[in-house]
Amino acid sequence: MQGNVSAGGTMVGDKRLGEREWLIAAEFAEPTAAHGPTARRDPTALRDPTALTGHRSTAAPLVRPAQLPAAAPDFTGRADAVRELSGLLTAQGGAPPVLAVSGIGGIGKTALAVHVAHAARRHFPDGQLYADLRGAGPSPAEPDAVLAAFLRSLGIPDAAIPDGTEERTALYRSALAGRRVLVLLDNARDTDQIRPLLPGDGPHGHAAPHGCATLITGRATMAGLDGAHPVDLDVMSPGEAFSLFALIVGEERAAVEREEVMDVLASCGFLPLAIRIAASRLASRRTWTVSVLARKLADERRRLDELRAGDLAVKASFELGYGQLEPEQARAFRLLGLAGGPDISLPAAAAVLGLDDASSRALMESLVGTSLLEPTVPGRYRLHDLLRLYARTCAERDDLPEAEREAALSRLLDFYLATAARVYAAERPGDRTVEHLAPTTRPGLTFESSGAALDWLFTEADCLLACARQCVADGRRRRVADLLTAALDLAESGARSHQYQGVAEAIIESAQSAGDVRTEARARSTLGNLYYFTGRFEHAERELERALDLELAARDPMLASRVPNRLGSIVLDQGRREEAEAYFNRALAAFRADANEAGEASALSNLARVHIDKGRAQAGVELAEQALEIYQRLGASLRLANGRYTLGIALTRTGRLDEALTHLTQALGIFRDTRQQLWEGMAHFRLAETHLAAGRPARAAWHAERSLAMQGLCGEWRRGSLLTVLGKALSEVGQTDRARECWQEALAIYQRLGSPEREEVSALMGIPSISSAAPPHGAGRLHPDPPGGMTTH
């Protein structure tokens, strides 16, 4: 026998075996001729696959375990993951792989692993071991119990299985040495549970390549498992989800109501378990249509309860993961579920949790480790839609006081309001609007530049508006209205118009019910601004007039200046110059009374437009230059662009075309850099007008076409104006057919709106003049752009 027995164990080659392991190994050795019938085989024989299962007549037959569960007959999709895992399992050369598949409950980890394992069986001729480690439940499997079961499966009798985990692990690895076995460890809890179960030729051993491979599934990421290859499983793609659904309910049935199927899949969050349950419910109810199921799942309050079929339930799957959380983790999970929006940033999460960034990051990462939370980009996280519903259920069920839930949302609202106010201020130096906003108890973020501030606003737009929509109840209503004011760049740019409008309307309804005049007035002001920016002028005028009436009762200095300034722009666009001048003068006086220099510059820019329209172009230029001087002194980037835009219009009207082009081109660049798509389009339009006046129709057509491409949110009337100018430019470069097509579309728009501009277009087309009765209220507008230098009030 090689090696020496000592108190420290036996040396077998370069490996020291413990005394008990040596004795067990010796007991299984066969007699040899050299030592007689009672001699034991050299323990080094354990390195030979035949050592424990030798092919000699006196040995037990070779045991090849085949323990894989049955593969799902309707497995579909996951092509990328299947390709990745299969490639790693069957790769030639290198260390045998340890693959760790992780993801939330119901994501399909086990189905994927079993499918891949069955496909790879032929590459592991010595068998496949399987164990459900019950890691998601309250009683996870103990490693020593799993080892005992594996050893029995490898042909080792109970009497030879040692008691301790370490001894069993050593014997287990010895038994697998030199063999090609696939070990599937399903539903693992953590790395401590996994390590004793790894074959010796995994990351902890040094056996030759082409040995055993290990495939692990679990909700927790196995980041601490050295040498393991992680595979994070995400929800299904829409195409994969549809294929799975159709496979269960039938292709024909799914194809007939394809849109309704997609609604069902969206309600399931494209989670395989939820899809399987929903499809199974439909398959067992032949009288149901897909639309019936879609309506049932549309109710968020009942959705988790509806996703149950037999012993399958999405909620039950989530319960297992939630039950493992520490109290602090569970509280964080419940509170994070309260926040709306597609994801959440670390600072916003810190506000929800009422913690600092460092403590919040640690909690968030711990939830990522349990697959209850998913990182998206650095510093941002998201909950699966169904997990969010479950978290809210937990918040209501697990005695999280309503006051604590309300406080969490209030902190989040304060964070968004305080930060949005800083964005507003960064874009509008000298504007005192932020001083009239509701105070907050939580500070907002600070920014190094106005560009960084705008980046934050547009990145957070969905989450910010989702929070606002949640907080329109008593106690937070005014802050939500002020949040819309601070986030005005979203309305002005055309971004998230539908969500913005929905929040404003909800505030108005809530404020009316409570008799909160001040908040209603502010909400109507923001809604009027949105309508104006999106070309719905009649709606804008109605909302702003109502806001101005309410302001008289509320005595709100912010509205006293902002509302008449916007109303002046609306009536000026209708050719009501005297009313416009009165509104602008009223706004100018209110801005000056409030020491709001940025607002004063805005009113001066708008008055410049009145003078231009009245034929006093030089006076308009002088007022525009006064406004521009204020913007330059304040260092306002975007507002400076507005000032240059207005001055460019005035200079065009006085024939100073080269100067006008310089100012309009500079304005265009700023609008583009600050992502103000609506203003960028209008700058292109004004450049088209100026180039046309300067006898450069080709350049005019180029700018007009780019303006048209950006005017999807500006309303029909503005589109008509752009088409008219483009037609003129095309006509002058000889493209008469295209020019006529533009004018025909413009004329159809003007006729539909009853606008007086139809007379000009009819003349351009050489058709008889159309009698123009008085246009509908707000239909005939002479200026197809937002207010010249005014976007902030």
Side-chain angles (χ1 to χ4, degrees), residues 64-104 106-133 173 176-188 191 194-195 197-241 243-244 247 270-272 371 374-375:
R64 293 186 177 88
Q67 299 180 343
L68 294 180
D74 53 8
F75 182 88
T76 186
R78 302 299 195 191
D80 291 340
V82 169
R83 189 180 305 111
E84 179 182 4
L85 291 169
S86 298
L88 291 167
L89 281 179
T90 59
Q92 298 297 313
V98 175
L99 311 178
V101 181
S102 61
I104 66 173
I107 202 72
K109 302 179 292 296
T110 297
L112 170 66
V114 170
H115 176 82
V116 169
H118 275 283
R121 279 185 305 175
R122 63 187 179 87
H123 296 278
F124 299 92
D126 295 321
Q128 305 88 40
L129 293 169
Y130 171 84
D132 179 359
L133 301 183
R173 289 174 179 167
L176 290 179
R179 301 179 69 176
R180 298 209 63 194
V181 173
L182 175 60
V183 181
L184 176 51
L185 303 175
D186 190 23
N187 196 11
T191 55
I194 287 294
R195 283 193 182 96
L197 307 179
L198 294 175
D201 48 8
H204 301 280
H206 305 283
H210 312 305
C212 298
T214 310
L215 185 54
I216 306 164
T217 74
R219 302 189 185 199
T221 57
M222 299 295 164
L225 199 61
D226 295 338
H229 179 87
V231 177
D232 295 324
L233 204 57
D234 202 351
V235 297
M236 285 183 146
S237 69
E240 290 175 331
S243 296
L244 175 59
L247 199 60
F270 300 98
L271 188 72
S371 293
E374 179 184 358

Practice item. Taking all heavy atoms of Val114 and all of Ala71, pick out the closest pair and write down the distance. Key: CG1-CA, 3.8 Å
Practice item. Please confirm whether the backbone N or O of Asp232 pairs with a side-chain atom of Lys109, one donor and one acceptor, at under 3.5 Å? Key: no
Check your understanding: Where do Gln67 and Tyr130 come nearest, in terms of heavy atoms and distance?
Key -> OE1-N, 3.0 Å
Check your understanding: Of all residues at least two apart in sequence or in a different chain, which pass the side chain to side chain contact (heavy atoms under 4.5 Å, CB included) check with Gln128?
Key -> Ala66, Leu68, Arg121, Leu182
**Study point:** Side chain proximity check, Arg195 to Leu225, heavy atoms < 4.5 angstrom
**Key:** yes
Exercise for review: Test Thr214 against Leu185 for side chain to side chain contact (heavy atoms under 4.5 Å, CB included), laying out the working first.
Suggested key: CA-CA 7 Å; Thr214 310; Leu185 303 175; 3.8 Å; yes
Check your understanding: Does Leu99 reach the side chain of Val231, with side-chain heavy atoms less than 4.5 Å apart?
Key -> no
Point to revise | Atom pair NE2 (His115) and CG (Leu85), whose distance is rounded to the nearest 0.5 Å | key: 10.5 Å
Exercise for review: Answer yes or no: is there a side-chain heavy-atom contact under 4.5 Å between Leu271 and Ile107?
Suggested key: yes
Review point. Got Val116 and Val101 here, is their nearest side-chain heavy-atom distance under 4.5 Å?
Key: no
**Study point:** Note, Asn187 side chain near Thr110 side chain (heavy atom, < 4.5 Å)
**Key:** no
Point to revise | Considering all heavy atoms, the nearest Phe124-Leu89 contact | key: CZ-O, 3.7 Å
Point to revise | Note, Ile194 side chain near Val98 side chain (heavy atom, < 4.5 Å) | key: no
Exercise for review: Please tell me if the side chains of Arg173 and Leu198 come closer than 4.5 Å, counting only heavy atoms from C-beta onward.
Suggested key: yes
Exercise for review: Taking Arg179 for its side chain and Cys212 for its backbone only, find out whether a donor-acceptor pair lies under 3.5 Å.
Suggested key: no
Study note, to complete from the structure: dist Arg219:CZ -> Thr217:OG1 (nearest 0.5 Å) comes out at 10.0 Å
Review point. How far apart are the closest heavy atoms of Pro238 and Phe270, and which atoms are they?
Key: CA-CE2, 3.7 Å
Point to revise | Nearest heavy-atom neighbours spanning Leu215 and Ala113 | key: CD2-O, 3.5 Å
Check your understanding: Can you name the salt bridge (Lys or Arg N to Asp or Glu O under 4.0 Å) partners of Glu374, sequence neighbours left out?
Key -> Arg382
Practice item. For the pair Asp186 (side chain) and Asp132 (backbone), establish whether a donor and an acceptor sit closer than 3.5 Å, ignoring hydrogens and angles. Key: no
Review point. Taking all atoms of both residues into account, what is the closest heavy-atom pair of Arg78 and Pro272, and its distance?
Key: NH2-CG, 3.4 Å
Practice item. Check step by step if side chain to side chain contact (heavy atoms under 4.5 Å, CB included) holds for Val183 and Leu197. Key: CA-CA 9 Å; Val183 181; Leu197 307 179; 5.9 Å; no
